[in-house]
Protein chains: 2
Amino acid sequence: MSPILHALEHESPKLSQMERKLAERILSSPSEIVHMGITELAEQCGISPATVTRFCKAFHFKGFPDFKVKLASEIAHSDATPQDGSYQDIVAGNPLSVIVEAMQANHLASIRDTTSLLDIDRLQAAVDLLCRARRVDLYGMATSSIVAQDFYQKLIRIGVNCTAFADSHMQITSASTLSAGDVAFAVSYSGETPETIDALTCAGASGASTIALTSYGSSRLATLADIPLFSSSLEQGMRRGDMASRIAQLHIIDILFTGMVSTRFGDFIPKLEQSYLNVQHYRHKRGGQS
Amino acid sequence: MSPILHALEHESPKLSQMERKLAERILSSPSEIVHMGITELAEQCGISPATVTRFCKAFHFKGFPDFKVKLASEIAHSDATPQDGSYQDIVAGNPLSVIVEAMQANHLASIRDTTSLLDIDRLQAAVDLLCRARRVDLYGMATSSIVAQDFYQKLIRIGVNCTAFADSHMQITSASTLSAGDVAFAVSYSGETPETIDALTCAGASGASTIALTSYGSSRLATLADIPLFSSSLEQGMRRGDMASRIAQLHIIDILFTGMVSTRFGDFIPKLEQSYLNVQHYRHKRGGQS
DNA sequence: TCATTTAAGGAAAATAATTTTCATATTTAG
DNA sequence: CTAAATATGAAAATTATTTTCCTTAAATGA
């Protein structure tokens with residue numbers, strides 16, 4: 001905890017009643033305080049602005065604005081809410097400031113956890129497969145289709161021959177036409193999505209190499225795939241576990257993509273640049289029929 | 001470097017003479033600025049306080065004090081983590097382990113920076129608008145359409161009447177049919193995507209409230225919108241700046257969505273649960289024709 | 001117990017800081 | 001070269017903060 005907050009907590013017993021109310025309010029959500037005026041804060045504590053100023057002076061700040069700036073730079077040092085730095089659930093009527101902190105904690109933890117349980121060798125194997133693939137199929141339903149679509153958008157920019165159907169029939173249809181040298185890449189938060197499992201099974205049967213991206217844990221999809229990749233899973237009871245998971249999965253997508261580009265830099269970077277420039281170029285012709 | 005300072009440097013050429021003096025003074029020693037009053041700073045730059053306020057507003061801060069607080073938390077942050085806190089670029093032939101670390105650093109920094117420059121009041125205003133909206137339109141091209149799609153998937157699960165066209169003609173068509181009480185939500189990494197700007201302009205002209213989600217800095221889209229929301233921007237020379245930006249934008253989407261659910265918990269949670277259960281239920285009937 | 005002292009705290013005045021308005025200068029486009 | 005648009009500062013208006021002054025409440029001592 002930051003020195004200022006620590007001091008507030010430590011000195012709290014020595015403070016008077018009104019001052020303690022104030023200290024508690026500040027400790028309850030420091031990041032809110034820095035965006036408040038002195039009057040607003042005083043009102044929320046049921047005290048007068050005068051008391052707030054005196055309080056700041058007592059802690060040797062030049063005044064309330066000085067306190068805010070110092071507090072702002074201190075709380076930036078630590079990640080949101082260190083004591084409950086792990087995953088937070090959604091509850092009713094939470095103020096937005098609490099939601100922001102919880103979400104930051106969730107997403108940071110999600111990325112850190114995912115990174116720490118990555119298997120570099122498997123990741124490398126996936127990159128190698130993808131780089132050499134004649135054709136790449138991407139499967140995913142609902143939330144996971146977003147991840148698949150994201151990968152799709154990246155891959156076409158470097159000229160990889162790939163598809164990303166959200167329609168389960170099309171997925172199966174496409175999977176049926178794969179063969180050795182092709183890669184099927186399936187995304188599923190649960191790893192148990194039947195449509196995705198079917199598509200990957202079908203792709204494997206057709207001779208394609210299979211990669212699965214799921215949450216950590218044993219799942220049918222992970223077992224099925226040649227190369228299983230994992231994002232961090234959330235604690236039980238999380239109402240919306242797929243939010244952080246999606247971020248973590250995109251994190252892995254970025255690593256895979258960057259790995260591919262880095263491996264075949266000479267091939268891929270010019271295509272990447274060219275696709276960007278062409279979008280710019282053709283966009284400026286806009287104005288007439290299109 | 002922090003997104004704010006980076007934006008100042010980056011936009012410096014576009015600024016007027018007086019504004020540039022100010023930007024240079026801020027860049028020369030940011031940590032001094034946060035302990036100055038507006039008059040003192042203006043004097044040191046040989047300009048008027050009015051120009052300083054206008055400058056802050058142009059960068060979408062609520063005013064000079066707001067700028068100071070945001071700057072304070074950002075520079076504290078970069079002091080704290082000079083190495084792994086900053087963004088890394090892609091280069092050729094990097095081993096995967098290096099890529100993994102760089103990507104983690106990028107994504108963590110991106111989420112932290114984005115959170116620190118969030119404006120809770122604006123965010124709250126956006127949540128309120130979205131909660132009360134009769135209809136919501138989501139606009140975004142390419143990478144940004146992924147973000148729009150993601151929000152779309154979330155919103156339909158809680159029964160919000162919304163659409164997310166990737167087709168620019170459809171976006172305009174839909175925008176034309178909006179009216180007061182509706183909300184148009186546009187996503188663009190650059191904030192300068194013509195198709196997205198057109199769609200949001202059209203929506204605004206139709207009487208809808210407009211929200212824009214772009215990278216930090218002044219952009220046409222941000223200026224256009226009733227409520228501009230910002231994700232952190234990356235430093236110059238980043239080959240693929242939109243990767244981290246996408247994560248940051250999804251982070252904001254998650255906050256908005258969670259804010260909405262939290263605000264109308266009783267309405268939305270049952271729908272969320274039901275949509276989940278129904279997907280499970282109807283999936284198990286699978287096996288015959290579908 | 002009761003007066004007296006002392007400190008806490010609020011109301012409101014005073015001050016300081018910031019923002020807005022308005023008038024002027026400067027640049028840009030035609 | 002003129003007109004419109006933009007940029008800027010001076011000063012007014014507003015807002016925020018701090019100080020002053022006064023009341024209240026608790027503590028101390030006769």
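Looking only at atom types and distance, the side chain of B/S174 has a donor-acceptor partner in the side chain of B/R135 under 3.5 Å away. For the residue pair B/Q44/B/R25, the side-chain donor-acceptor check at 3.5 Å is satisfied. Counted by atom type alone, A/R157 and B/T143 present one or more donor-acceptor pairs between their side chains at under 3.5 Å.
Between A/F55 and A/F59, the ring-plane angle classifies as tilted under the 30° and 60° cut-offs.
Neither OP1 nor OP2 of D/dT17 sits under 4.0 Å from any side-chain N or O of A/K57. Within the structure, every side-chain polar atom (N or O) of A/T39 is placed at least 4.0 Å from both OP1 and OP2 of D/dT15. The side chain of B/S16 contributes no N or O atom lying less than 4.0 Å from OP1 or OP2 of D/dT6.
For A/F64, counting side-chain heavy atoms from C-beta on, the closest listed nucleotide (D/dT8, D/dT18, C/dT18) is D/dT18. With distances taken from any side-chain atom of A/R54 to the nucleotides C/dG9, D/dT17, C/dT21, the minimum falls on C/dG9. Checked against D/dT8, D/dT18, C/dA11, the side chain of B/T51 finds its nearest nucleotide in D/dT8.
At least one donor-acceptor pair under 3.5 Å links the side chain of B/S116 to the backbone N or O of B/D113. Distance alone, capped at 3.5 Å, places no donor-acceptor pair between the A/E9 side chain and the A/L27 backbone.
For the salt bridge (Lys or Arg N to Asp or Glu O under 4.0 Å) condition, no pair includes a residue of residues 203-214 of chain B, sequence neighbours left out.
Rounded to whole Å, atom P of D/dT8 lies 10 Å from atom CZ of B/R20. Atoms CG (A/D66) and P (C/dA17) sit 13 Å apart, rounded to a whole Å. If you measure from atom CD of A/Q17 to atom C1' of C/dG10, you get 15 Å, rounded to the nearest angstrom. Separating the CG atom of A/L22 from the P atom of C/dG10 is a distance of 11 Å, rounded to the nearest angstrom. The CZ atom of A/F55 sits 15 Å away from the C1' atom of C/dA8 (whole-angstrom rounding). Remark: C1' of D/dA7 and CE of B/M18 are 9 Å apart, rounded to the nearest angstrom. In this structure, NZ of A/K62 is placed 15 Å from C1' of C/dA16, rounded to the nearest angstrom. Atom-to-atom, CD1 of A/I33 to P of D/dT17 comes out at 13 Å; the value is rounded to the nearest Å.
The nearest heavy atom of DNA chain C to B/P65 and to A/E19 marks one nucleotide each, and the one closer to the 5' end goes with A/E19.
Residues of residues 40-49 of chain B that place a heavy atom closer than 4.0 Å to DNA chain C, in numerical order, are B/P49.
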